[in-house]
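Starting from 1, each residue takes its place in the sequence as its number. Owing to the predicted nature of the structure, the values given are computational and were not obtained by experimental measurement.
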Amino acid sequence: MNGNKQNLTYLMEGKKTRFIIPVYQRNYDWRIENCARLFDDLVEVVKTGREEHFFGSIVSQTPHGDRVLIDGQQRVTTVFLLLAAIRRQLRDGKVAAEEPGLADDIEDDYLIDKRHRREQKLRLKLIKSDSAALEAVLADVGGERDASEPRPALVMESNVTQNYLYFLGRVESMDVSVEDLMGAIESLCIIDITLDPTDDAQLIFESLNSTGLDLSEADKVRNFVLMNLDQGRQEEYYDGFWNPIELNTDYQVSDFIRFYLAAVEGKTPAIKKVYPAFRVFARKRYHDGEAGELGIDAHGLLADMLVYSGHYRNCIHPATGSPKVDRALRNVRALEANVAYPYLLGLLEYRRKGLVDDDGTAAILGALDSYVFRRWVCNIQSAGLNKIFETLQGEAEKAVAAGADYVDAVKYLLTHKGGTGRFPDDAEFSEAVATRDFYRIGNRKLYLYDRLENGDSKERVEVAEGLLDGTFSVEHVMPQTPSDAWKASLGPDWERVHATWLHRMANLTITAYNSDYSNRPFEQKRDMRDGLRASGFRLNQWIASQDEWGEEQLEERSERLVRQFLATWPMPASSYVPQSAIPDEAALDSDVEFTGRRLTAFSFMGARYPAKQWNTMVGMVMGLVAELEPSAVYSLVAGTTYPASLFRAHSEPGYTEFHEGAYVKTASSTIEKIDLLRRVFDLCGIDQGDLVFEMVPEDEG
């Protein structure tokens with residue numbers, strides 16, 4: 001195996017050089033977002049004047065002079081498509097070059113090997129499913145051409161074609177010269193690794209793609225923010241900002257940045273897309289014109305991140321200086337309500353600015369605690385909760401701008417969510433408290449018994465710690481395996497009583513003597529040394545006062561516990577009454593009732609679009625999806641099974657054109673429209689949460 005640093009274009013223009021993709025390789029699957037990243041990087045090379053841009057490694061075998069690509073086909077193919085697009089736009093006059101023969105030079109040097117016209121004349125041979133698409137692209141020469149050679153039709157459902165079309169648009173609209181773009185392409189530097197005949201190509205490929213610890217998203221963010229600074233500022237900003245951020249977040253910086261972006265942008269990026277989302281955010285929110293078109297205000301950005309990392313610190317280790325706020329934050333932390341962190345960061349920032357006091361902050365945290373816990377008790381799916389907490393701060397601030405009190409507005413917003421976003425009322429909560437299985441609940445027991453035992457008392461028993469280290473355990477008053485004495489005490493219907501009540505809250509408590517109690521009769525559990533009467537737990541006081549333990553006692557304790565649950569996790573009251581309906585925001589993946597709602601706008605991938613009709617929205621959204629995933633969408637147009645059956649390649653009544661030669665059915669019910677979009681998003685690999693609707697009740701003007 002031999003490797004050396006090389007410019008990619010130098011390899012491409014070598015005499016008789018052809019890149020061959022072996023048949024066992026996957027299809028060409030780079031998407032438009034990958035092409036956009038490459039084109040943006042090339043423009044950045046031009047504008048920053050860099051001489052080189054590292055483009056990874058190319059691993060190949062060279063039998064008979066051809067280069068059989070083991071690794072690197074996606075990058076090599078994409079550069080071929082970009083060069084083909086430049087050639088086409090030069091010949092069509094969409095861009096101009098000072099050098100008149102540049103289009104011919106691109107073709108001769110990089111795309112076509114004229115010495116092989118009788119066989120494979122292209123310098124890149126893709127696998128069969130992509131080969132026809134590439135041949136059609138390279139036959140799409142533009143300008144004057146030989147009419148005796150018919151040009152093949154483009155294969156629209158191929159990523160090869162769609163990425164080529166994308167590059168045509170970018171080349172035509174770019175703000176750098178074609179010579180500069182070519183210079184940037186020629187700056188692409190690779191490590192050219194060629195294998196000897198005795199090398200095991202598969203083992204080498206696996207080794208190259210299993211290089212141990214990858215860079216974390218936080219590593220990429222740190223390098224992005226600091227690498228272009230001079231050495232003095234790099235050290236200053238690292239010591240003054242980045243290292244304190246690491247300390248505040250317990251070195252879980254990637255998690256923090258994800259929550260930070262959700263708090264300030266209103267959208268949580270996927271775990272593996274934190275860095276790309278951060279780059280976009282930084283250049284949009286902290287653009288620094290004095291540092292160049294692509295520069296950012298690193299000081300301002302890091303200072304803001306440091307402030308929010310302090311809020312994150314208080315989420316995981318509450319120390320705000322306010323006992324009531326810290327106690328409420330500890331409750332949320334114990335509940336493991338991480339989904340609420342984007343809102344908590346916004347709330348604590350609002351508090352830091354003096355816009356809500358400690359009493360108000362604690363009241364909101366209590367309402368949030370009730371909201372998350374009641375939903376868990378009622379076994380309501382958590383899908384869509386992230387959207388609620390991403391947008392809650394923004395919705396509350398809109399209400400404040402309209403004259404509302406912030407605390408009342410937040411409580412109103414939480415208690416007026418619908419569908420799976422709902423805040424369970426007292427009746428639903430009470431029923432779930434009385435009947436659900438509270439024994440098989442995992443680590444939720446730490447939070448549950450700590451709250452039930454301690455409430456807001458200053459005289460605390462460290463219940464969670466005791467349960468965690470095994471000092472305490474959950475005890476079934478009526479044992480899991482009843483003895484003959486227990487069966488007799490429960491009566492002739494003991495099997496039903498046992499099956500009904502065993503794991504309900506009414507039959508559960510905590511003790512440090514579970515093994516001693518075992519399945520002893522109730523009187524022994526109550527009166528033995530270290531028995532229930534001697535217990536120091538408040539939870540055991542009423543149980544210890546009973547003469548026997550049967551269904552009558554279980555029913556009474558259940559009623560007592562329901563009242564305790566309602567007092568510990570109350571339904572918050574709000575005096576806020578909006579003058580007009582606040583638009584309810586719901587993502588495509590949420591389980592809200594869309595029927596009976598009037599659409600006011602929608603947001604797709606962070607961009608907001610006014611839309612008053614559901615029909616209009618479907619056409620607009622499909623147009624946006626087609627720009628992102630054109631090959632997938634055109635495959636739908638050509639298909640016959642659902643959801644492809646709702647697409648056409650020609651105009652029909654009830655269908656709306658959303659892209660050239662592509663129509664979607666919009667004459668359908670709201671439910672059918674929502675289902676169609678969900679299926680399309682899944683097929684295209686787009687997160688359903690990227691589409692958010694703003695709605696008001698149908699009767700609201």
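Ring geometry, Phe658 versus Phe647: the interplanar angle exceeds 60°, so the pair is classed perpendicular (tilted spans 30 to 60°). Classification of the Trp376-Phe373 ring pair by plane angle, with boundaries at 30° and 60°, yields tilted.
One finds a salt bridge joining Glu217 and Lys220 here, because a Lys/Arg side-chain nitrogen approaches an Asp/Glu carboxylate oxygen to under 4.0 Å. Under the 4.0 Å criterion applied to side-chain N and carboxylate O atoms, Glu336 and Arg444 are not assigned as salt-bridge partners. Using a 4.0 Å cut-off between charged side-chain N and carboxylate O, Arg678 and Asp589 make no salt bridge. Ion pairing between Glu395 and Lys398 fails under the 4.0 Å rule for side-chain N and carboxylate O. Using a 4.0 Å cut-off between charged nitrogen and carboxylate oxygen, Asp426 and Arg374 count as a salt-bridge pair. For Arg285 and Glu265, the salt-bridge test passes: some basic side-chain N is under 4.0 Å from an acidic carboxylate O.
Among pairs with a residue in residues 670-697, those fulfilling ring-ring contact (aromatic ring centres under 6.0 Å, His included) read Phe594-Phe693, Phe604-Phe681, Trp614-Phe693, at least two apart in sequence or across chains.
Just one of Glu428, Arg422, Glu431, Arg436 meets the side chain to side chain contact (heavy atoms under 4.5 Å, CB included) condition when paired with Cys378; it is Glu428. The only member of Ile257, Leu301, Val253 that meets side chain to side chain contact (heavy atoms under 4.5 Å, CB included) when paired with Val221 is Ile257. Each of Ile86, Thr78, Leu83 was evaluated against Phe167; a single residue qualifies, Thr78, per the side chain to side chain contact (heavy atoms under 4.5 Å, CB included) test. Screening Leu42, Val45, Val46 for a side chain to side chain contact (heavy atoms under 4.5 Å, CB included) involving Val176 leaves a single residue, Val46.
By the 6.0 Å and 45° rule, Arg283 does not stack over the aromatic ring of Phe281.
More than 12 heavy atoms of other residues, nucleotides or ligands lie within 6.0 Å of NZ in Lys417, so this atom counts as buried by the packing criterion.
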